[in-house]
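First the proteins, then the strands, lettered A, B, ... as listed; each starts at 1.
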Amino acid sequence: MSNMELSEQELIRRASLQKLRDLGINPYPANEFKNNVTANQILTTFNSEIPNLQEVVFAGRLMSQRIMGKASFGELQDETGRIQIYVTRDEICPGEDKTLYNEVFKKLFDIGDIIGVKGYVFITQMGETTIHVKELVLLSKSIRPLPVVKEKEGKTFDAFTDPEQRYRQRYLDLIVNPHVKEVFLKRTKMINQMREMFNERGYIEVETPILQPIPGGAAARPFMTHHNALNIQLYLRVANELYLKRLIVGGFEGVYEFSKDFRNEGMDRTHNPEFTVMEIYVAYKDYNWMMDFTEEMIERVALALNGKTSIPVGDKEIDFKRPFKRITMFEAIREYTGFDISEMDENALRDVCQKIGVEFDNTMGKGKLIDEIFGEKCEGHYIQPTFITDYPVEMSPLCKKHRSNPELTERFELIVNGKELCNAYSELNDPIDQLDRFQEQLRLSEKGDNEAMFIDMDFVRALEYGMPPTSGMGIGIDRLTMLMTNSVSIQDVLLFPQMKPEKRAEEDPAEKYLELGIPAEWVEVLMKMGYKKVSQLKDVKPGKLFNDLCGFNKKNQLGLLNPVANDVSNWLN
RNA sequence: GACUCUGUAGCUCAGCUGGUAGAGCAAUUGACUCUUAAUCAAUGGGUCGAGGGUUCGAUUCCCUCCGGGGUCACCA
């Protein structure tokens with residue numbers, strides 16, 4: 001990058017970097033820095049009466065500096081928080097040479113630098129726990145200014161809030177917005193809790209293919225890719241369900257996977273093209289058992305994260321205390337529309353849609369119509385955790401038929417805050433029924449439903465060898481995190497949410513300018529002046545360009561030797 | 001994809017009906033040995049997202065494009 005593209009503050013920091021090197025200070029030292037304490041440890045364990053922590057070694061990022069002549073305060077931030085430091089000239093520079101304080105600490109250190117200190121902990125007159133610094137060392141120089149966020153009495157000033165920058169440059173967001181880190185710590189804690197619970201029960205964590213020849217297990221548009229050596233089309237998985245069930249066939253009796261899935265669909269507050277799902281399959285269980293299991297898991301997570309089962313979400317309070325409400329889909333529809341659809345055929349369902357104002361078209365079968373009614377009229381009403389059970393068979397091609405009604409399946413979804421959180425089945429293990437259902441999906445697909453499933457014949461073959469009765473459950477980890485952290489957007493619970501790539505203005509490579517006989521140093525100047533492409537030079541008058549170049553050189557004090565007017569007109573020919 | 005709001009200094013934002021831009025913090029220089037949004041004084045910093053149009057003149061009005069937010073559609 002040429003210096004002309006840098007801001008004033010960046011130039012100053014690069015100059016500081018050079019001055020540090022000139023003073024014999026390596027701005028990026030290689031050696032280990034043996035810190036022995038964190039900010040949080042100091043803040044929570046220091047006792048001024050003993051006193052303890054009299055030989056601390058601490059490393060962190062300099063977040064503020066308050067210089068008062070021969071003494072200074074600053075704040076260092078590590079992973080656990082911020083701690084104030086107190087630096088005096090004569091203590092870090094005991095001899096005659098005061099350079100380390102006057103030059104290095106006061107002038108060459110900037111907000112954002114990573115530094116290490118040695119000293120002892122004390123409490124200032126203002127009551128702030130502080131490290132009294134006796135030694136100071138630069139660990140990494142920051143040459144790009146950080147947004148400076150200030151805070152007093154809980155009020156934040158100049159908060160760094162631009163969503164675009166926060167998501168694109170998450171590292172910045174994490175540095176200056178401490179609450180952001182909390183969300184991701186909770187996310188990890190949540191996953192750890194779940195993993196712990198599954199492991200306690202002896203279930204096995206497994207990994208299954210992300211690149212799949214048949215994107216099965218869910219009806220969604222997949223991302224496609226190509227394998228060169230095999231010369232085949234591959235898909236990024238939309239689900240891992242069929243692979244986990246193959247493992248149940250293979251004799252594992254409890255398997256789970258935290259799975260990144262990919263769906264080539266729209267993006268919004270609750271959808272990211274890649275997202276995380278936890279799926280678990282347990283042999284010899286049914287969906288009733290799985291409801292109990294799911295309740296236990298979610299209650300446990302809520303307690304671990306927040307110490308209580310009840311959590312604020314938006315302007316509501318959601319309580320994850322067991323047991324959750326259970327209601328069948330038909331009852332739910334009756335509750336919110338007044339219609340009993342349990343005996344209705346496709347045409348009767350269309351009438352109902354008409355009457356209650358639910359849009360539909362002719363590609364929709366019975367299952368899709370019912371789902372549409374539920375989605376439009378019921379789902380949003382269930383704020384507290386509610387299991388919706390017994391979905392129509394058409395909507396659930398991988399789910400076992402209901403033990404008491406072949407029109408229905410043994411399926412439940414957990415709805416929280418009006419949105420689906422979990423999906424679970426008594427898994428279909430009848431291979432002949434499974435193939436029929438796949439073929440029915442194919443017919444739907446031919447009818448125009450582009451979300452119907454692909455047929456995975458190897459999966460059917462696996463079932464033919466025999467799969468024990470099994471219950472499986474999938475839960476959206478991103479959405480669970482949103483609930484548990486009261487986040488409104490999926491982007492707030494993903495460290496690096498998908499964004500459109502940043503685009504830089506188009507510009508010609510330097511060679512194109514050099515070909516015209518323009519010296520390299522003037523190419524940079526032309527670019528900076530706005531001539532990003534050689535074609536832009538076409539209609540420029542040589543005299544004007546000559547004047548502009550000289551003027552730019554002078555104004556910006558580039559110190560270049562001005563070109564000769566004749567040369568400039570030669571460039572333009 | 002549609003509608004709508006939005007893009008001005010490193011950050012947060014002003015900028016009326018068109019006359020090439022302001023503030024606070026940050027930065028630079030100086031003063032200050034217990035400050036904490038430190039304080040005080042001075043100084044510098046901007047192709048006002050990109051391109052085109054109207055105009056004597058555009059950050060401002062119009063069009064196109066590129067980012068981003070929100071709402072809706074899509075997401076069994």
Per-nucleotide pairing state of RNA chain B [Watson-Crick or G-U, under 3.5 Å; [ ] pseudoknot-crossing; | other strand] | (((((((..((((.....[..)))).(((((.......))))).....(((((..]....))))))))))))....

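When the C1' atom is compared between A73(B) and U59(B), the two are found 35 Å apart, to the nearest whole Å. Nucleotides U29(B) and G18(B) place their P atoms 43 Å apart, quoted to the nearest Å. Separating the C1' atom of G49(B) from that of G44(B) is a span of 25 Å, rounded to the nearest Å. Spacing between C62(B) and C16(B) at atom P, rounded to whole Å, works out to 14 Å. Comparing the C1' positions of U60(B) and U54(B) gives an interatomic distance of 14 Å, to the nearest angstrom. Only the P atoms considered, G15(B) is 10 Å distant from G7(B), to the nearest whole Å. Taking the C1' atoms as reference points, A23(B) lies 34 Å from G53(B), given to the whole Å. Using C1' as the reference atom, G52(B) and G70(B) are 29 Å apart when rounded to the nearest Å.
Interatomic distance, CD of Gln65(A) versus NZ of Lys106(A), reported as 10.5 Å (0.5 Å rounding). With rounding to the nearest 0.5 Å, the separation of NZ in Lys400(A) from CZ in Arg437(A) is 10.5 Å. Put simply, CG on Leu428(A) and NZ on Lys401(A) are 8.5 Å apart, with the number rounded to the nearest 0.5 Å. Atom CD1 of Ile115(A) is separated from atom NZ of Lys141(A) by 10.0 Å, given to the nearest 0.5 angstrom. Summarising the geometry, atom CE belonging to Met482(A) is positioned 9.0 Å from atom CG belonging to Leu494(A); distances are rounded to the nearest 0.5 Å.
Applying the side chain to side chain contact (heavy atoms under 4.5 Å, CB included) test to Pro163(A) and every residue at least two apart in sequence or in another chain returns Tyr167(A). Every residue two or more places apart in sequence or in another chain that forms a salt bridge (Lys or Arg N to Asp or Glu O under 4.0 Å) with Lys98(A) is listed here: Asp90(A). For Ser487(A), the side-chain hydrogen bond (donor to acceptor under 3.5 Å, both in side chains) test picks out Thr485(A), with sequence neighbours left out.
As judged by a 4.0 angstrom heavy-atom cut-off over every strand, Arg269(A) is placed among residues touching the sugar-phosphate backbone only.
Following rounding to the nearest Å, Asp113(A) (CG) and A26(B) (C1') show an atom-to-atom distance of 14 Å. One atom, CD of Glu265(A), and another, C1' of A73(B), lie 13 Å apart when rounded to the nearest Å. We find that CD1 of Ile12(A) is positioned 8 Å from C1' of G44(B), with the value rounded to whole Å. Per the geometry, CD belonging to Glu10(A) stands 16 Å off C1' belonging to G44(B), to the nearest Å. Nucleotide G49(B) holds its C1' atom 15 Å from the NZ atom of Lys500(A), rounded to whole Å. The interatomic distance linking Leu172(A) (CG) with A26(B) (C1') rounds to 14 Å, in whole Å. Atoms CZ (Arg221(A)) and P (A76(B)) sit 12 Å apart, rounded to a whole Å. Here A37(B) presents its P atom at 8 Å from CZ of Phe157(A), a figure rounded to the nearest Å.
For Arg168(A), a side-chain nitrogen or oxygen approaches OP1 or OP2 of G68(B) to under 4.0 Å. A close approach under 4.0 Å does not occur between any side-chain nitrogen or oxygen of Gln491(A) and OP1 or OP2 of G68(B).
Within a 6.0 Å radius of CE in Met499(A), more than 12 heavy atoms belonging to other residues, nucleotides or ligands are found. Shown here is Gln169(A), whose CD atom has more than 12 heavy atoms of other residues, nucleotides or ligands within 6.0 Å.
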Protein-to-nucleotide contact annotation, 5' to 3' order, nucleotides 29-36 of chain B [B base; S sugar-phosphate only; - none; under 4.0 Å, heavy atom] = -S-BBBBB

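Taking only distance into account, the side chain of Asp268(A) never meets the base of C72(B) through a donor-acceptor pair shorter than 3.5 Å.
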Short N/O separations, protein against nucleotides 9-12 of chain B, under 3.5 angstrom:
| from | atom 1 | to | atom 2 | distance (Å) |
| --- | --- | --- | --- | --- |
| G10(B) | N7 | Gln9(A) | NE2 | 3.2 |
| C11(B) | OP1 | Gln165(A) | NE2 | 3.4 |

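Nearest to the side chain of Asp110(A), among A76(B), U28(B), G68(B), sits U28(B).
The backbone N or O of Gln498(A) lies less than 3.5 Å from a partner atom in the side chain of Asn272(A), making a donor-acceptor pair.
Considering only heavy atoms from C-beta on, Phe387(A) comes within 4.5 Å of Thr294(A) through its side chain.
If you find the closest nucleotide of RNA chain B to Ser489(A) and to Thr270(A), the one lying nearer the 5' end belongs to Ser489(A). Heavy-atom distances to RNA chain B give each of Glu164(A) and Glu420(A) a nearest nucleotide, and the one nearer the 5′ end belongs to Glu164(A).
Residues Tyr336(A) and Tyr382(A) place their aromatic rings such that the two centres sit under 6.0 Å apart.
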